[in-house]
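Following: one structure in structure tokens, then a few remarks.
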Amino acid sequence: MHANEIMLLAYYIAAVNIESTYHAIVGKEAAAEYVPFEGIVLADTFQISEEGDSLDAVIFPQNNDRIIRQNTVPINVVVGNPPYSKGQTSANDLNANRGYPTLDGRIATTYAKRSTATNKNSLYDSYLRALRWATDRIGDAGVVAFVSNGGWIDGNTADGVRLSLADEYAQLYVYNLRGNQRAAGELSRKEGGKVFGSGSRNTVAILIGVKNSNHSGACEIFYRDIGDYLTREEKLRIVADSALTSTNWKTIVPNAHGDWTNQRNDEFEIWPVIGEKQPEPGRAVVFSLHSSGLKSNRDTWVYNFSEAAVEANVKRMLDFYNVQVELLDAHCSAHAVADRKGVAEQFIDTDPTKISWSGGLRASFAASKRFEYEPASLTVGLYRPFSKQYVYYNAALNERRYQLASMFPTPHHSNIGFYVVGTGSDKPFSALMTNSIPDLSFWGSGSGQFFPRWTYVRTESSDGELDFASDATVDVDEYGYRQIDNITDGILALYRCAVGDQVTKDDIFYYVYGLLYDPAYREAYVADLKKMLPHIPTPGTRERFEQLATAGRELSDLHVGYESVEPYDLDVQLKPGASDDDRETWRASKMKWGKKKDPETGRSVDDRTTIIYNPKITIAGIPEDAERYMLGSRSALAWIIYRYQVDTDKASGIVNDPNDWCDEHDDPAYIVDLIMRVTTVAVETMKIVDSLG
């Protein structure tokens with residue numbers, strides 16, 4: 001038996017545990033003398049398997065000998081709980097992912113090559129590296145048994161992993177223990193307890209893969225989902241009472257896409273896709289251009305409910321950054337440094353109270369780029385559903401703006417579009433119309449895609465100057481941009497052929513939005529919408545097209561104009577002694593749902609008809625229909641409760657206080673009014689959705 005451990009303390013603990021277990025099994029008489037375990041190695045498992053890896057024969061000669069022995073013997077069983085790590089969480093950590101050229105090369109030619117995802121970075125996470133390494137290490141015959149992150153079971157990016165596993169193994173047993181706490185609300189409760197307690201937030205799964213060189217035919221895949229609403233203790237008991245032969249396995253037959261669970265509908269792909277970066281010739285798409293949301297990599301610094309706070313934080317950070325550039329320049333000049341990039345990495349001050357680094361800003365730093373605060377870049381974005389914040393929308397401090405610059409080129413340019421949950425997300429499919437810049441993690445985590453009504457192109461002459469006279473028929477605005485219709489001519493022609501020449505591109509825009517709210521559409525294609533961007537069925541009748549287009553317009557008016565709809569008549573209860581003229585009465589700190597007893601269990605549960613706004617105010621009378629309007633994993637009102645609370649970032653110390661928005665807009669009761677207005681939005685939205693059935 002062999003065991004590897006990279007951490008010194010864990011190495012000693014593992015050795016003691018293995019030796020103690022051995023002596024307990026063989027008994028005192030069989031092991032009269034102490035028998036050390038010679039198979040444990042202090043090493044990085046991935047590194048010692050790399051081609052050309054150099055071992056340390058001087059400082060750790062005994063450890064080196066064990067590595068050589070391990071690498072030269074056949075191993076047919078690998079058991080483990082591989083780590084789940086994506087490397088650094090902040091560029092201030094200066095802890096970038098370590099590369100393993102040999103191992104990562106195998107991932108590139110297997111998992112990544114067969115994946116249909118655009119961004120394949122997650123395929124190099126530690127637990128998938130471990131799976132690739134173990135699969136190769138056992139050769140043509142053997143067993144790999146892991147307890148690890150289970151995101152690969154249904155993840156969109158992991159389709160290449162599933163396809164490869166099915167080719168490489170004779171039998172696969174997958175036991176999904178659930179426990180994904182990156183969801184929220186009812187979804188989180190269904191996921192149940194976290195198997196590793198506070199040490200895990202992801203789905204956890206047991207994988208047993210069997211290689212058999214004598215096996216013929218397709219891989220046999222056996223799957224078991226442990227079930228909904230189970231506590232950690234219940235899950236562990238079920239597993240402890242199970243055996244491989246007695247477990248009620250479900251046989252999986254993968255489809256051509258590599259789907260094991262939630263297999264997609266082949267009909268879905270027949271319809272035109274809503275958007276595609278490089279559409280195939282002759283294939284109709286609805287939108288010419290779409291984009292991910294704004295990825296700042298420093299939300300705490302560039303987002304805030306307070307306009308003054310964003311300005312102050314950005315100025316403070318830029319001032320510190322520019323001083324760092326000056327110091328680097330002086331150092332490189334004094335020491336005749338040629339490799340500025342290498343020195344810059346060592347020179348960076350990572351104090352999180354002064355700056356938030358990212359890959360892009362570090363590159364600018366190495367290149368001695370200086371940045372000044374630009375007041376015109378301070379605008380309003382939609383950070384989360386129904387949660388506007390001020391944002392510094394500027395390429396210097398935004399890590400990725402993707403195609404947003406062509407949709408919102410300046411704060412003076414208006415636009416409207418809807419943001420949908422990204423493919424492969426653990427959030428249920430949702431869409432929300434907005435006229436503000438959406439954040440990348442609009443749905444709480446992961447990403448999404450924004451489909452705008454318009455795009456903008458800056459018009460320039462050949463010498464780089466603005467050219468207003470080259471084409472008198474093209475309308476160019478005072479900022480040098482012309483507006484481009486983002487609905488394609490091809491889809492317009494298709495729809496006019498299907499339902500009549502009276503169809504306009506506006507009609508199509510709102511038809512698509514209405515369709516994305518159609519419960520029949522979401523139910524029929526629930527698996528497809530998790531794995532792919534929406535495909536839009538061509539309307540079969542003019543009546544159906546008009547119904548969905550009308551619904552889309554009504555929904556758009558509600559969702560974009562949520563701050564101006566009629567407030568729902570809720571019961572705003574002020575405690576005795578509280579005055580509605582006192583600003584403190586309306587201050588929000590951390591709202592929460594009311595509580596009530598579950599009549600069946602007697603346990604205290606959330607009362608979704610009541611919000612405890614603060615110690616002085618309770619809001620009651622929320623209709624049950626309001627809770628039905630779900631946006632991702634939270635209801636519309638749950639988003640308000642979640643976002644409108646005072647938050648202090650631990651690393652930087654920056655405070656984000658929703659009351660600042662109220663104060664700067666001279667509207668003390670803004671948040672209470674917002675709750676009443678979003679209640680109206682939720683109730684009216686569900687009326688429209690119900691009418692589509």
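Side-chain atoms are counted along with the backbone in the values below, which use heavy atoms only and exclude waters and symmetry mates. Start at 1 with the first residue, then count along the sequence.
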- [ ] Could you give me the CA-CA distance, side-chain angles and deciding distance for Ser358 and Arg298, then say whether side-chain hydrogen bond (donor to acceptor under 3.5 Å, both in side chains) is met?
- [x] CA-CA 8 Å; Ser358 63; Arg298 52 183 60 82; 2.7 Å; yes
TODO: Check step by step if side-chain contact (heavy atoms from CB on, under 4.5 Å) holds for Thr585 and Asp580.
DONE: CA-CA 6 Å; Thr585 298; Asp580 58 5; 5.6 Å; no
Task: Gln389 and Tyr303: CA distance, side-chain angles, deciding distance, side-chain hydrogen bond (donor to acceptor under 3.5 Å, both in side chains) verdict - done: CA-CA 6 Å; Gln389 291 194 41; Tyr303 277 105; over 6 Å; no
Open item on the list: If you apply the rule side-chain hydrogen bond (donor to acceptor under 3.5 Å, both in side chains), what do you find for Gln645 with Ser589, and how did you get there?
Closed with: CA-CA 5 Å; Gln645 56 178 285; Ser589 177; over 6 Å; no
Task: Worked check of salt bridge (Lys or Arg N to Asp or Glu O under 4.0 Å) between Lys354 and Asp319 - done: CA-CA 9 Å; Lys354 298 176 180 177; Asp319 287 345; over 6 Å; no
- [ ] Apply the test salt bridge (Lys or Arg N to Asp or Glu O under 4.0 Å) to residues Arg677 and Glu563: give CA-CA distance (whole Å), side-chain angles for both, the deciding distance (0.1 Å), then the verdict.
- [x] CA-CA 7 Å; Arg677 296 182 195 279; Glu563 291 177 297; over 6 Å; no
- [ ] Evaluate the criterion side-chain contact (heavy atoms from CB on, under 4.5 Å) for residue pair Asp349 and Gln324; output intermediate values, then yes/no.
- [x] CA-CA 8 Å; Asp349 186 332; Gln324 293 294 295; 3.4 Å; yes
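The closest side-chain donor-acceptor pair between Ser296 and Asn398, if any, does not fall under 3.5 angstrom. Between the side chains of Asp351 and Thr353, at least one donor N or O sits under 3.5 Å from an acceptor N or O. Side chains of Asn394 and Ser377: a donor on one and an acceptor on the other come within 3.5 Å.
Aromatic rings of Tyr613 and Trp586 (six-membered ring for Trp) have centroids beyond the 6.0 Å cut-off, not under it. For Tyr629 and His559, the ring centers are positioned less than 6.0 Å apart. Remark: aromatic rings of Phe509 and Tyr513 are distant, center separation not under 6.0 Å.
Contact of the Glu546 side chain with the Val499 side chain is not registered, since no non-hydrogen atoms from C-beta on lie closer than 4.5 Å. Two residues are said to be in side-chain contact when any heavy atoms from C-beta on lie closer than 4.5 Å; Glu307 and Trp661 fail this criterion. The side-chain heavy atoms of Lys369 and Tyr321, taken from C-beta on, include a pair separated by under 4.5 Å.
Residues satisfying the side-chain hydrogen bond (donor to acceptor under 3.5 Å, both in side chains) test with Asp489, not counting sequence neighbours, are Lys505. Residues passing the side-chain hydrogen bond (donor to acceptor under 3.5 Å, both in side chains) test with Tyr373: none are found, sequence neighbours excluded. Among residues two or more places apart in sequence or in another chain, the side-chain hydrogen bond (donor to acceptor under 3.5 Å, both in side chains) test is passed with Thr410 by His413.
A cation-pi geometry, defined here as NZ or CZ lying under 6.0 Å from the six-membered ring centre and within 45° of its normal, holds between Arg522 and Tyr517. Stacking of Arg458 on the aromatic ring of Tyr481 is recorded, both the 6.0 Å distance cut-off and the 45° axial limit being met. Taking the ring centre of Trp639 as origin, the terminal cationic atom of Arg634 falls inside the region bounded by 6.0 Å and 45° from the ring axis. A cation-pi contact, defined as under 6.0 Å to the ring centre and within 45° of the axis, links Arg401 to Tyr393.
Under the salt bridge (charged side-chain N to carboxylate O under 4.0 Å, His left out) rule, Arg587 has a single partner from Asp660, Asp663, Asp582, which is Asp663. Screening Ile619, Val681, Ile622 for a side-chain contact (heavy atoms from CB on, under 4.5 Å) with Leu637, the sole residue that qualifies is Ile622.
Nearest heavy-atom pair, Val391 versus Gly381, reported as atom, atom and distance to 0.1 Å: CG1-N, 3.7 Å. The heavy-atom pair separating Glu664 from Ser306 by the smallest distance is OE2-OG, 2.6 Å. Counting all heavy atoms, side chain and backbone alike, Ser288 lies closest to Thr488 at OG-CG2, 3.4 Å. Of all heavy-atom pairs between Thr538 and Tyr511, the closest is C-OH, 4.2 Å. Considering all non-hydrogen atoms of both residues, Val655 and Asn304 come closest at O-ND2, 3.2 Å. Considering all non-hydrogen atoms of both residues, Val380 and Ser436 come closest at O-CB, 4.0 Å.
A perpendicular orientation is assigned to the rings of Tyr562 and Phe386, their planes being inclined by more than 60° (bins at 30° and 60°).
The pair Arg384-Asp439 meets the salt-bridge criterion, since a charged nitrogen lies less than 4.0 angstrom from a carboxylate oxygen.
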